[in-house]
Amino acid sequence: MDAGKRGEQWSASGSMAELEAADARAARAVAEPKPSGPPGDAAAGAARARAALSEGRAADAAASAGSAAAGSSGRRGAAESSGGGAVRAGAEVRAARSVAAPATGWGPADMGAPATFVLLRHGETPLTPQKRFSGSGGTDPSLSDVGREQAERVGAALAGRGTVQAVVASPLTRTRETAGIVAAHLGLDVTVDDGLRETDFGAWEGLTFGEVRERYADDLNAWLADPEARPTGDGESFAATATRIAATRDKLVAAYAGRTVLLVSHVTPIKTFVRLALGAPPESLFRMELSAASLSAVAYYADGNASVRLFNDTSHLRP
(Lines give C-alpha, C1' and ligand atoms only; values in the text may rest on other atoms or scores of the structure.)
Protein backbone atom coordinates (compact mmCIF):
# COMPACT_ATOMS: atom_id res chain seq x y z
CA MET A 1 0.00 0.00 0.00
CA ASP A 2 1.39 3.41 -0.95
CA ALA A 3 1.51 6.50 1.27
CA GLY A 4 -1.48 8.12 -0.44
CA LYS A 5 -3.79 5.21 0.32
CA ARG A 6 -2.65 5.28 3.95
CA GLY A 7 -3.54 8.96 4.12
CA GLU A 8 0.11 9.97 4.57
CA GLN A 9 2.45 12.18 2.61
CA TRP A 10 4.80 10.19 0.42
CA SER A 11 8.41 10.17 1.65
CA ALA A 12 11.22 9.39 -0.78
CA SER A 13 13.63 8.51 2.01
CA GLY A 14 11.12 6.24 3.74
CA SER A 15 10.12 4.44 0.54
CA MET A 16 13.73 3.90 -0.52
CA ALA A 17 14.64 2.59 2.93
CA GLU A 18 11.89 -0.02 2.72
CA LEU A 19 12.98 -1.09 -0.76
CA GLU A 20 16.64 -1.28 0.25
CA ALA A 21 15.75 -3.37 3.30
CA ALA A 22 13.71 -5.75 1.13
CA ASP A 23 16.56 -6.01 -1.40
CA ALA A 24 19.03 -6.74 1.40
CA ARG A 25 16.82 -9.53 2.77
CA ALA A 26 16.42 -11.08 -0.68
CA ALA A 27 20.17 -10.92 -1.34
CA ARG A 28 20.93 -12.58 1.97
CA ALA A 29 18.39 -15.32 1.29
CA VAL A 30 20.26 -16.15 -1.94
CA ALA A 31 23.79 -15.72 -0.58
CA GLU A 32 23.15 -17.49 2.71
CA PRO A 33 20.64 -20.35 2.32
CA LYS A 34 19.51 -22.16 5.42
CA PRO A 35 22.44 -24.45 6.29
CA SER A 36 22.39 -28.01 7.47
CA GLY A 37 25.02 -30.47 8.45
CA PRO A 38 25.77 -33.57 10.52
CA PRO A 39 26.51 -33.46 14.27
CA GLY A 40 30.01 -32.22 14.91
CA ASP A 41 30.29 -30.40 11.58
CA ALA A 42 31.81 -27.13 12.77
CA ALA A 43 31.39 -25.42 9.40
CA ALA A 44 27.64 -26.14 9.36
CA GLY A 45 27.26 -24.93 12.93
CA ALA A 46 29.02 -21.66 12.10
CA ALA A 47 26.85 -21.23 9.01
CA ARG A 48 23.72 -21.58 11.11
CA ALA A 49 24.97 -18.87 13.44
CA ARG A 50 25.81 -16.56 10.52
CA ALA A 51 22.34 -17.08 9.06
CA ALA A 52 20.71 -16.24 12.38
CA LEU A 53 22.81 -13.09 12.69
CA SER A 54 21.89 -12.10 9.13
CA GLU A 55 18.21 -12.45 9.98
CA GLY A 56 18.75 -10.26 13.02
CA ARG A 57 20.44 -7.60 10.90
CA ALA A 58 17.62 -7.77 8.35
CA ALA A 59 15.07 -7.24 11.13
CA ASP A 60 17.07 -4.28 12.37
CA ALA A 61 17.12 -2.79 8.86
CA ALA A 62 13.35 -3.27 8.55
CA ALA A 63 12.83 -1.52 11.89
CA SER A 64 14.94 1.40 10.69
CA ALA A 65 12.94 1.59 7.45
CA GLY A 66 9.68 1.65 9.40
CA SER A 67 11.04 4.44 11.55
CA ALA A 68 11.95 6.55 8.50
CA ALA A 69 8.55 6.03 6.87
CA ALA A 70 6.67 6.87 10.03
CA GLY A 71 8.71 10.06 10.44
CA SER A 72 6.42 11.82 7.96
CA SER A 73 3.44 11.15 10.25
CA GLY A 74 4.94 12.30 13.55
CA ARG A 75 7.82 11.79 15.94
CA ARG A 76 5.79 9.83 18.46
CA GLY A 77 4.67 7.16 15.96
CA ALA A 78 8.23 6.84 14.68
CA ALA A 79 9.60 6.35 18.16
CA GLU A 80 7.05 3.63 18.93
CA SER A 81 7.68 1.79 15.64
CA SER A 82 11.46 2.00 15.93
CA GLY A 83 11.46 1.00 19.56
CA GLY A 84 9.40 -2.16 19.00
CA GLY A 85 11.45 -3.21 15.96
CA ALA A 86 14.74 -2.50 17.72
CA VAL A 87 13.73 -4.61 20.74
CA ARG A 88 12.77 -7.55 18.51
CA ALA A 89 15.89 -7.24 16.36
CA GLY A 90 18.10 -6.93 19.42
CA ALA A 91 16.61 -10.07 20.95
CA GLU A 92 17.16 -12.01 17.72
CA VAL A 93 20.78 -10.90 17.46
CA ARG A 94 21.46 -11.79 21.10
CA ALA A 95 19.95 -15.24 20.55
CA ALA A 96 22.07 -15.77 17.43
CA ARG A 97 25.21 -14.72 19.25
CA SER A 98 24.49 -17.17 22.05
CA VAL A 99 24.48 -19.96 19.43
CA ALA A 100 27.56 -18.65 17.65
CA ALA A 101 29.58 -18.30 20.86
CA PRO A 102 28.15 -20.59 23.59
CA ALA A 103 29.76 -20.76 27.00
CA THR A 104 33.02 -22.70 26.67
CA GLY A 105 32.49 -26.47 26.85
CA TRP A 106 28.71 -26.31 27.29
CA GLY A 107 25.71 -26.25 25.00
CA PRO A 108 22.30 -24.76 25.74
CA ALA A 109 20.55 -26.64 28.55
CA ASP A 110 17.47 -27.49 26.47
CA MET A 111 19.45 -29.62 23.98
CA GLY A 112 19.96 -32.46 26.46
CA ALA A 113 23.16 -34.36 27.17
CA PRO A 114 25.61 -34.57 24.27
CA ALA A 115 27.12 -37.71 22.84
CA THR A 116 30.63 -37.63 24.28
CA PHE A 117 33.50 -39.49 22.63
CA VAL A 118 36.47 -40.21 24.89
CA LEU A 119 39.22 -40.86 22.35
CA LEU A 120 41.99 -43.21 23.48
CA ARG A 121 45.05 -43.88 21.40
CA HIS A 122 46.25 -47.46 21.85
CA GLY A 123 49.25 -48.26 24.06
CA GLU A 124 52.77 -48.60 22.72
CA THR A 125 53.84 -51.33 20.32
CA PRO A 126 57.47 -52.19 19.48
CA LEU A 127 57.18 -49.74 16.54
CA THR A 128 55.92 -46.77 18.57
CA PRO A 129 59.19 -45.60 20.20
CA GLN A 130 60.95 -46.05 16.86
CA LYS A 131 58.44 -43.63 15.26
CA ARG A 132 57.69 -45.91 12.32
CA PHE A 133 54.63 -45.69 10.09
CA SER A 134 52.20 -48.26 11.44
CA GLY A 135 48.83 -48.18 9.73
CA SER A 136 46.18 -50.67 8.73
CA GLY A 137 48.24 -52.10 5.85
CA GLY A 138 51.31 -53.24 7.80
CA THR A 139 52.27 -56.03 10.18
CA ASP A 140 49.52 -55.28 12.74
CA PRO A 141 51.79 -55.42 15.83
CA SER A 142 50.62 -56.29 19.33
CA LEU A 143 51.17 -54.16 22.41
CA SER A 144 54.57 -54.21 24.05
CA ASP A 145 54.93 -54.73 27.80
CA VAL A 146 55.01 -50.95 28.16
CA GLY A 147 51.84 -50.67 26.11
CA ARG A 148 50.00 -53.19 28.27
CA GLU A 149 51.01 -51.32 31.41
CA GLN A 150 49.79 -48.09 29.86
CA ALA A 151 46.43 -49.70 29.10
CA GLU A 152 46.14 -50.86 32.72
CA ARG A 153 46.74 -47.30 33.92
CA VAL A 154 44.13 -45.93 31.54
CA GLY A 155 41.62 -48.53 32.75
CA ALA A 156 42.22 -47.70 36.40
CA ALA A 157 41.88 -43.96 35.74
CA LEU A 158 38.64 -44.29 33.78
CA ALA A 159 37.16 -46.71 36.32
CA GLY A 160 37.78 -44.10 38.99
CA ARG A 161 35.85 -41.51 37.02
CA GLY A 162 32.94 -43.87 36.35
CA THR A 163 31.56 -42.02 33.32
CA VAL A 164 32.23 -44.37 30.36
CA GLN A 165 29.14 -46.34 29.33
CA ALA A 166 30.41 -48.22 26.26
CA VAL A 167 33.69 -49.19 24.58
CA VAL A 168 34.23 -49.28 20.80
CA ALA A 169 37.57 -50.21 19.22
CA SER A 170 39.36 -50.31 15.89
CA PRO A 171 39.75 -53.87 14.57
CA LEU A 172 43.57 -53.79 14.66
CA THR A 173 45.33 -55.93 17.26
CA ARG A 174 46.87 -53.10 19.29
CA THR A 175 43.55 -51.30 19.70
CA ARG A 176 41.58 -54.45 20.53
CA GLU A 177 44.17 -55.39 23.15
CA THR A 178 44.11 -51.91 24.66
CA ALA A 179 40.32 -51.85 24.67
CA GLY A 180 40.10 -55.27 26.26
CA ILE A 181 42.35 -54.29 29.17
CA VAL A 182 40.49 -51.02 29.77
CA ALA A 183 37.04 -52.62 29.40
CA ALA A 184 37.94 -55.22 32.05
CA HIS A 185 38.44 -52.37 34.55
CA LEU A 186 35.09 -50.87 33.54
CA GLY A 187 33.08 -54.10 33.48
CA LEU A 188 32.07 -53.49 29.87
CA ASP A 189 32.21 -55.43 26.61
CA VAL A 190 34.11 -54.22 23.54
CA THR A 191 32.42 -53.51 20.22
CA VAL A 192 34.63 -53.40 17.11
CA ASP A 193 34.05 -50.81 14.38
CA ASP A 194 36.12 -50.94 11.19
CA GLY A 195 35.66 -47.19 10.67
CA LEU A 196 38.09 -46.51 13.54
CA ARG A 197 41.05 -48.24 11.86
CA GLU A 198 44.29 -46.38 11.17
CA THR A 199 45.13 -44.96 7.72
CA ASP A 200 46.77 -47.41 5.29
CA PHE A 201 50.27 -46.05 4.66
CA GLY A 202 50.97 -48.32 1.70
CA ALA A 203 54.68 -48.93 0.97
CA TRP A 204 55.65 -46.70 3.91
CA GLU A 205 54.43 -49.19 6.50
CA GLY A 206 57.20 -50.05 8.95
CA LEU A 207 59.50 -47.25 7.74
CA THR A 208 60.62 -44.14 9.61
CA PHE A 209 59.92 -40.68 8.22
CA GLY A 210 63.59 -40.36 7.25
CA GLU A 211 63.57 -43.68 5.40
CA VAL A 212 60.47 -42.66 3.47
CA ARG A 213 62.11 -39.36 2.50
CA GLU A 214 65.19 -41.21 1.20
CA ARG A 215 63.17 -43.71 -0.85
CA TYR A 216 60.04 -41.83 -1.90
CA ALA A 217 60.88 -38.13 -1.65
CA ASP A 218 58.49 -36.92 -4.36
CA ASP A 219 55.55 -38.96 -3.03
CA LEU A 220 56.24 -37.78 0.51
CA ASN A 221 56.37 -34.12 -0.51
CA ALA A 222 53.08 -34.49 -2.38
CA TRP A 223 51.50 -36.19 0.65
CA LEU A 224 52.63 -33.40 2.95
CA ALA A 225 51.19 -30.75 0.64
CA ASP A 226 47.91 -32.28 -0.51
CA PRO A 227 45.36 -34.21 1.61
CA GLU A 228 44.20 -35.98 -1.57
CA ALA A 229 47.68 -37.47 -2.17
CA ARG A 230 48.12 -41.15 -1.38
CA PRO A 231 51.18 -42.77 0.21
CA THR A 232 53.29 -44.76 -2.24
CA GLY A 233 51.76 -48.11 -3.14
CA ASP A 234 48.12 -46.98 -3.26
CA GLY A 235 47.82 -46.11 0.42
CA GLU A 236 44.92 -44.14 1.88
CA SER A 237 44.88 -40.36 1.58
CA PHE A 238 44.06 -38.10 4.52
CA ALA A 239 41.00 -36.91 2.58
CA ALA A 240 39.73 -40.49 2.30
CA THR A 241 40.43 -41.05 6.00
CA ALA A 242 38.46 -37.89 6.87
CA THR A 243 35.47 -39.07 4.82
CA ARG A 244 35.54 -42.42 6.61
CA ILE A 245 35.87 -40.83 10.05
CA ALA A 246 33.02 -38.36 9.40
CA ALA A 247 30.72 -41.24 8.44
CA THR A 248 31.79 -43.23 11.51
CA ARG A 249 31.27 -40.17 13.72
CA ASP A 250 27.73 -39.64 12.45
CA LYS A 251 26.83 -43.30 12.95
CA LEU A 252 28.23 -43.42 16.49
CA VAL A 253 26.72 -40.06 17.52
CA ALA A 254 23.30 -41.43 16.53
CA ALA A 255 23.91 -44.75 18.29
CA TYR A 256 25.22 -43.21 21.53
CA ALA A 257 23.18 -40.00 21.78
CA GLY A 258 23.38 -38.59 25.31
CA ARG A 259 25.98 -41.18 26.40
CA THR A 260 29.72 -41.27 26.99
CA VAL A 261 31.56 -43.82 24.87
CA LEU A 262 35.27 -44.74 24.81
CA LEU A 263 36.65 -45.01 21.26
CA VAL A 264 39.98 -46.83 21.14
CA SER A 265 41.71 -45.84 17.92
CA HIS A 266 44.90 -44.48 16.34
CA VAL A 267 46.78 -41.25 15.66
CA THR A 268 45.19 -40.21 12.36
CA PRO A 269 41.56 -41.05 13.23
CA ILE A 270 41.73 -39.29 16.61
CA LYS A 271 43.39 -36.19 15.15
CA THR A 272 40.71 -36.21 12.44
CA PHE A 273 37.88 -36.31 14.98
CA VAL A 274 39.42 -33.26 16.65
CA ARG A 275 40.13 -31.46 13.36
CA LEU A 276 36.55 -31.89 12.13
CA ALA A 277 35.12 -30.72 15.46
CA LEU A 278 37.25 -27.57 15.31
CA GLY A 279 36.64 -26.91 11.62
CA ALA A 280 40.44 -26.84 11.19
CA PRO A 281 42.18 -27.34 7.81
CA PRO A 282 43.74 -30.69 6.84
CA GLU A 283 47.29 -29.41 7.45
CA SER A 284 46.45 -29.11 11.15
CA LEU A 285 47.00 -32.88 11.38
CA PHE A 286 50.74 -32.21 11.17
CA ARG A 287 50.54 -29.71 14.05
CA MET A 288 49.09 -31.98 16.72
CA GLU A 289 51.06 -34.26 19.01
CA LEU A 290 49.22 -37.40 20.12
CA SER A 291 51.01 -39.68 22.57
CA ALA A 292 50.49 -43.40 23.05
CA ALA A 293 47.69 -44.17 25.55
CA SER A 294 46.63 -40.49 25.62
CA LEU A 295 43.04 -39.37 26.16
CA SER A 296 41.13 -36.72 24.22
CA ALA A 297 37.41 -35.93 24.29
CA VAL A 298 34.82 -34.33 22.00
CA ALA A 299 31.14 -33.67 22.84
CA TYR A 300 28.53 -33.59 20.05
CA TYR A 301 25.31 -31.61 20.56
CA ALA A 302 21.87 -31.97 19.02
CA ASP A 303 22.22 -28.70 17.09
CA GLY A 304 25.21 -30.02 15.14
CA ASN A 305 27.89 -28.20 17.12
CA ALA A 306 30.83 -29.92 18.79
CA SER A 307 33.04 -29.02 21.74
CA VAL A 308 36.60 -30.31 22.19
CA ARG A 309 36.85 -31.02 25.92
CA LEU A 310 40.31 -32.59 26.19
CA PHE A 311 43.35 -33.28 24.03
CA ASN A 312 46.42 -35.55 24.48
CA ASP A 313 46.02 -35.98 28.25
CA THR A 314 48.65 -38.37 29.64
CA SER A 315 48.37 -37.45 33.33
CA HIS A 316 47.09 -40.97 34.11
CA LEU A 317 50.42 -42.45 32.96
CA ARG A 318 52.50 -40.61 35.56
CA PRO A 319 53.75 -42.59 38.58
Side-chain angles (χ1 to χ4, degrees), residues 40-43 45-46 117-141 147 150 170 172 174-175 178 195-249 263-298 306-315 317:
D41 188 328
F117 292 173
V118 179
L119 305 167
L120 170 62
R121 184 189 171 193
H122 60 80
E124 283 191 13
T125 75
L127 298 182
T128 305
Q130 300 175 28
K131 297 187 180 299
R132 295 183 178 275
F133 283 93
S134 183
S136 57
T139 59
D140 193 18
Q150 289 172 332
S170 153
L172 299 183
R174 53 194 180 274
T175 41
T178 300
L196 297 175
R197 71 185 185 276
E198 180 59 289
T199 299
D200 183 344
F201 293 111
W204 304 351
E205 294 279 0
L207 302 179
T208 65
F209 188 88
E211 289 169 342
V212 172
R213 183 172 290 285
E214 290 177 359
R215 303 181 192 183
Y216 309 105
D218 291 342
D219 289 349
L220 179 62
N221 289 335
W223 180 74
L224 293 172
D226 182 1
E228 297 284 352
R230 294 173 174 270
T232 310
D234 200 30
E236 184 181 23
S237 70
F238 279 155
T241 300
T243 298
R244 167 166 56 85
I245 293 301
T248 301
R249 173 202 63 197
L263 305 186
V264 187
S265 190
H266 310 263
V267 171
T268 311
I270 293 175
K271 287 183 179 182
T272 301
F273 274 112
V274 172
R275 179 182 79 76
L276 294 175
L278 293 174
E283 58 265 29
S284 63
L285 294 176
F286 297 114
R287 299 174 186 176
M288 302 183 209
E289 177 68 25
L290 198 71
S291 304
S294 64
L295 290 169
S296 303
V298 181
S307 174
V308 176
R309 300 287 186 85
L310 185 72
F311 183 72
N312 197 37
D313 177 27
T314 57
S315 59
L317 301 178

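What you see is a predicted model, and the numbers here were worked out from it, not measured in a lab. Numbering starts at 1 and runs along the sequence shown. Reckoned from all heavy atoms, side chains included, excluding hydrogens, waters and symmetry mates.
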Test item: side-chain donor near acceptor, Thr268 and Glu198, under 3.5 Å: yes
Min side-chain heavy-atom separation Thr125-Thr128 under 4.5 Å: yes
Sub-4.5 Å side-chain heavy-atom contact between Arg230 and Asp200: no
Min side-chain heavy-atom separation Phe273-Arg249 under 4.5 Å: yes
Any residue meeting salt bridge (charged side-chain N to carboxylate O under 4.0 Å, His left out) with Asp218, in chain and number order, not counting sequence neighbours: none
Pairwise side-chain contact, Thr272 with Leu285, heavy-atom cut-off 4.5 Å (strictly under): yes
Rounded distance (nearest 0.5 Å) linking atom CG of Leu295 with atom CG of Asp313: 6.0 Å
Plane angle bin for Trp223 and Phe238 - parallel if under 30°, tilted between 30 and 60°, otherwise perpendicular: tilted
Residue that, paired with Arg215, satisfies side-chain contact (heavy atoms from CB on, under 4.5 Å) out of Leu220, Leu207, Thr232: Leu207
Contacts of Ser294 that satisfy side-chain contact (heavy atoms from CB on, under 4.5 Å) - sequence neighbours left out: Arg121, Leu290, Ser291, Asn312, Thr314
Closest approach of His266 to Pro269 (non-hydrogen atoms, all atoms of both residues): O-CD, 3.4 Å
Any residue meeting salt bridge (charged side-chain N to carboxylate O under 4.0 Å, His left out) with Glu211, in chain and number order, not counting sequence neighbours: Arg132
